[in-house]
Amino acid sequence: MDILVCVTRVPDTAENEIEVSKDGTDIERGALVYSINEADNYAVEEAIQIKERVGGSVTVVTVGTEESEEVLRREMAMGADKGILLTDDAFAGTDGRGIATILKAEVEKGKYDLILTGALADAGAGEVGGMLAAMLDRPYASLVNSIEIVDESTLKVGREVEGGNTEMNRIKLPCVLSIQTGINEPRYVGIRGIRQVASVQIPVHGAGDLGLKAEAIAPRVQRQDYFVPTFGAGAEMLEGSNEEIIEKLVEMLKAKGGLK
Amino acid sequence: MAGQIYVYIAHKGGVIDDTALELIAAAKKIDPAARPIAVVTGSGAELDQVCAEAAKSYSQVVKLASPALAHPNAEVVRKALLAILPKDAVILMPHGYLGMDLSPGLSVKLDSTYVADAIDLEKTADGKLKAVRQEYGGQVSTHVLCRMDDGIVINVRPGAFSPDESRSAGGQVVDKSGELGDLAASREFLELVQAAVGDVDITKSDVLVAVGRGIGDQENLEIAEELAAAVGGVVCCSRPIVDAKWLEKSRQVGTSGQTVKPKVYLACGISGSFQHLGGIKGNPFIVAINKNPKAPIFQVADVGIVADVVEFLPELTERIQEG
Ligand SMILES: Cc1cc2nc3c(=O)[nH]c(=O)nc-3n(C[C@H](O)[C@H](O)[C@H](O)COP(=O)(O)OP(=O)(O)OC[C@H]3O[C@@H](n4cnc5c(N)ncnc54)[C@H](O)[C@@H]3O)c2cc1C
Ligand SMILES: Cc1cc2nc3c(=O)[nH]c(=O)nc-3n(C[C@H](O)[C@H](O)[C@H](O)COP(=O)(O)OP(=O)(O)OC[C@H]3O[C@@H](n4cnc5c(N)ncnc54)[C@H](O)[C@@H]3O)c2cc1C
């Protein structure tokens, strides 16, 4: 099975405190640690496991900047056969719809039986996979947490739904699936693995190569600003030495029934 | 001029979802004079029950009945909606498991704009939509602006708007099932598999020690277990802990996990995403311990402590054990 996995480079929210930049038009990017989007790493692992079972190939693709190459190499070190970087000044500032449009143009240059995306990336829309599927006229299932290959043209997939329940679906290939975190245990990537793929050529495609006009990727949804939300009154912050904090906290817990 | 507002009504087992009334409030934010039309898909007597309930709050309810719509399979629901919705429709969908599956593709097929997971809405003086969304797991918010006149699909976060409880519409149900046409799809619903029952029932405990990614290491779960033992509670967790296979799925609190109603909730190294908070009900006393003073959890907690959980929890446990 020939599989394409869409991946993206994001500020690692587990490693960073995200703050709004001074002028409020962006987040403070200076000292951010970037990594592969969490769900995308699970998607690549899933693709590699499918290839290990039934053969085929795994290609990782990203729309980004030159810096995005590092996440492609990381996923190739994991076991993806090929990486493709889609970059162009014209792509900067596009929205999820634009990203799906760019990906569609690349998909049509190849032949993929299965396309995987992550369930969600940093902007939290969870939209790129479903849009790409509709543009390609392929069936789609989101939030997939299990994949079973039934035969050459059919998969059985589990979709996460409310309360940790799973909705089982049969879906025809070729199709697009968005992969939810936790579907597998992504393998570890060491420095050695990354070194081994350091010199592999990564093809770079721009708007011209993909036959994309600026209008096709102009954002329909335009971000105006960033701000820090405030909900409710906010917590009473306990301050002082740990000892003082703990004394106060223990009193509160007693009062609220949190100590037996 | 933006087009007619339509609201997709989510329901289950013949019971209408809370979002049905919340989305009326959302529609009124776009246009105070809006008379949104409800769209209900399904089959059988359950569907009629839901339509009748929706008609109390919506002046017009469009009923779309078909055996193929008995389970809301997004690929089939999309075909049904495309059969009846005008291109310039303003469509409000709950951002739940169906909405996430359905709306991105629906917007492409309608050639409409899509706004995901909106938590607030406003119409600007020049007729555009200004919506509030969250990014980076809720650490920052953003205003997004887009046109509405060419049609738009807006997924609204459940719980973001207070329900419109007036129920004074006395509406009409219009059956448009005849317009549906072919609903065959390349994705077929097979069955719903219930989540496995785990070793501990976290929904039964009055005190929960909840651990998140901030606990850092599987070995550190021990210090949470010790605290839980000292306070007579049990350990639950956020999703990354389950994704990493450190605890069973049945310990996860949130929209894709358990709903809990404890008296006291100690959130340790949890950022406070809405998916996690969605599983905490009954207004418990929430204590948040997080090393980041700006973590969103501090906005919803009653008491906040800026500390490293790995250092703080054992000290707290020790003090409690002293009595
Ligand atoms: C400088 C800058 C300005 C921007 N301005 C705007 C703006 O004004 N308005 C706006 O709406 N957006 C803007 N964007 C884009 C936005 O930040 C998101 O990258 C985009 O909307 C994707 O949204 P998401 O994170 O919700 O992706 P989701 O739809 O949540 O992502 C789901 C999956 O889609 C795939 N995917 C997502 N992004 C990519 C990618 N780049 N390459 C390959 N696969 C991908 C991944 O598999 C991912 O897991 C801007 C981006 C940049 C860098
Ligand atoms: C469809 C869907 C469903 C989901 N369902 C759920 C769900 O049911 N439940 C759920 O929990 N999530 C769910 N999620 C995931 C959710 O979006 C968040 O990613 C998740 O809740 C984050 O977990 P966290 O707070 O533990 O981790 P993070 O967001 O990574 O936060 C870790 C926190 O720990 C703090 N920290 C780090 N180190 C320390 C330290 N040493 N001491 C103190 N603090 C520290 C950090 O400052 C940070 O605030 C779902 C996501 C999707 C897309």
Side-chain angles (χ1 to χ4, degrees), chain A residues 11 13-14 17-18 20 27 97 122-127 130-131 133-135 139-143 160-172 181-182 185 220-232 234-238 242 245-246 249-250 252-253 256-260, chain B residues 75 97 100-101 104-105 108-109 113-117 134-137 139-146 185-195 206-207 213 231-232 239 242-243 245 249 252 255-257 263-264 285 287-288 292 294 298-305 312 315-316 319-320:
Chain A
T13 48
E17 294 171 13
I18 306 290
V20 177
I27 55 169
R97 175 77 156 257
D122 51 347
E127 63 188 6
M131 287 176 165
M135 288 173 183
Y140 173 64
S142 66
L143 299 158
E160 169 184 301
V161 290
E162 296 84 358
N165 300 331
T166 305
E167 178 197 88
M168 300 307 298
N169 290 268
R170 208 193 320 268
I171 191 165
K172 288 256 177 291
T181 57
E185 292 180 62
R220 298 185 181 214
V221 180
Q222 264 162 329
R223 201 185 277 130
Q224 300 297 292
D225 60 0
Y226 277 101
F227 61 99
V228 177
T230 44
F231 299 106
E236 174 191 342
M237 301 303 288
L238 299 187
N242 271 5
I245 290 175
I246 287 172
L249 182 58
V250 167
M252 290 173 157
L253 290 176
K256 299 288 174 185
L259 279 180
K260 295 243 160 85
Chain B
E75 300 276 303
Y97 282 92
M100 290 188 245
D101 211 27
V108 166
K109 290 295 181 192
T113 299
Y114 175 52
V115 176
D117 193 19
Q134 294 186 317
E135 297 193 4
Y136 302 99
Q139 292 194 67
V140 292
S141 290
T142 161
H143 288 104
V144 296
L145 190 69
C146 56
S186 307
R187 177 178 138 196
E188 181 195 349
F189 167 73
L190 300 173
E191 60 171 336
L192 204 64
V193 181
Q194 300 292 324
D206 278 345
V207 185
R213 183 150 33 206
V231 296
R239 181 174 185 126
V242 174
D243 286 346
K245 315 277 186 290
K249 180 87 182 168
Q252 180 188 317
T255 51
S256 60
K263 286 192 183 132
V264 172
F285 182 70
V287 178
N292 175 7
K294 297 204 176 111
F298 288 131
Q299 301 197 354
V300 295
D302 296 280
V303 167
I305 297 156
F312 187 82
E315 287 183 41
L316 177 60
R319 169 66 186 79
I320 290 168

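First the proteins, then the strands, lettered A, B, ... as listed; each starts at 1.
In this structure, the side chain of B:K263 does not engage the main chain of A:K256 through any donor-acceptor pair within 3.5 Å. In terms of modelled atom types and a separation under 3.5 Å, the side chain of A:R223 and the main chain of B:L145 share no donor-acceptor contact. Under the 3.5 Å distance criterion, the side-chain polar atoms of B:K294 are left unmatched by any main-chain donor or acceptor of A:I18. Between the A:D122 side chain and the B:E135 main chain, no donor and acceptor come within less than 3.5 Å of each other. For B:R187 (side chain) and A:K172 (main-chain N/O), no donor-acceptor pair under 3.5 Å exists by modelled atom type. A distance-only check finds a donor-acceptor pair linking the side chain of B:T142 to the backbone of A:D225 [under 3.5 Å]. Between the A:N165 side chain and the B:A195 main chain, a donor and an acceptor come within less than 3.5 Å of each other.
Looking at B:E315, both its backbone and its side chain come within 4.5 Å of chain A, counting heavy atoms on both sides. Using a 4.5 Å cut-off between heavy atoms, A:V250 touches chain B through its side chain atoms alone. Both the backbone and the side chain of B:S256 come within less than 4.5 Å of a heavy atom in chain A. Contact annotation for A:L238: both backbone and side-chain heavy atoms come within less than 4.5 Å of a heavy atom of chain B. B:V287 touches chain A through its side chain: at least one heavy atom from C-beta onward sits under 4.5 Å away, while N, CA, C and O do not. With a threshold of 4.5 angstrom between heavy atoms, B:D302 approaches chain A through N, CA, C or O but not through any side-chain atom. Heavy atoms closer than 4.5 Å to chain A are found in both the backbone and the side chain of B:V144. A:A133 does not touch chain B: none of its heavy atoms, backbone or side chain, sits under 4.5 Å away.
Among the candidates A:E185, A:Q224, A:M135, the residue making the largest number of heavy-atom pairs closer than 4.5 Å to chain B is A:Q224. The candidate from A:I245, A:T166, A:V228, A:L249 with the greatest count of non-hydrogen atom pairs under 4.5 Å with chain B is A:T166. Ranked by heavy-atom pairs under 4.5 Å with chain A, the first of B:D117, B:N292, B:V242, B:T255 is B:N292. Of the listed residues (B:C146, B:A116, B:G137, B:G257), the one with the most heavy-atom contacts under 4.5 Å to chain A is B:G257.
With rounding to the nearest 0.5 Å, the separation of CE in A:M168 from CD in B:E191 is 6.5 Å. Rounded to the nearest 0.5 Å, atoms OH (B:Y114) and CZ (A:R97) are 12.0 Å apart. Distance check, rounded to the nearest 0.5 Å: CD1 of A:I171 to CD of B:E188 gives 11.0 Å. Rounding to the nearest 0.5 angstrom, the gap separating the CD1 atom in B:I320 from the CG atom in A:L253 is 6.0 Å. Rounded to the nearest 0.5 angstrom, B:L316 CG and A:I246 CD1 are separated by 5.5 Å.
Heavy-atom neighbours of B:K249 NZ from other residues, nucleotides or ligands within 6.0 Å: above the threshold of 12.
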side-chain contact (heavy atoms from CB on, under 4.5 Å) between A:V161 and B:L192: does it pass, once the steps are laid out?
CA-CA 9 Å; A:V161 290; B:L192 204 64; 4.0 Å; yes
One pair to check against side-chain contact (heavy atoms from CB on, under 4.5 Å): B:D101 and A:L143. What are the steps and the verdict?
CA-CA 8 Å; B:D101 211 27; A:L143 299 158; over 6 Å; no
Just do the side-chain contact (heavy atoms from CB on, under 4.5 Å) check on B:V303 and A:M252 with the steps written out, would you?
CA-CA 9 Å; B:V303 167; A:M252 290 173 157; 3.6 Å; yes
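The nearest pair of heavy atoms linking B:K109 to A:A134 is NZ-O, 3.1 Å. Pairing each heavy atom of A:A235 with each of B:G304, the nearest pair is CB-N, 3.6 Å. Between B:P104 and A:M131, the shortest heavy-atom distance links the atoms O-CG, 3.6 Å.
Side-chain contact between B:L190 and A:N169 is absent, with no heavy atoms from C-beta onward closer than 4.5 Å.
A donor and an acceptor atom, one from each side chain of A:E160 and B:Y97, are located under 3.5 Å apart.
Taking the six-membered ring where tryptophan is involved, the planes of B:Y136 and A:Y226 are tilted, since the angle between them lies from 30° to 60°.
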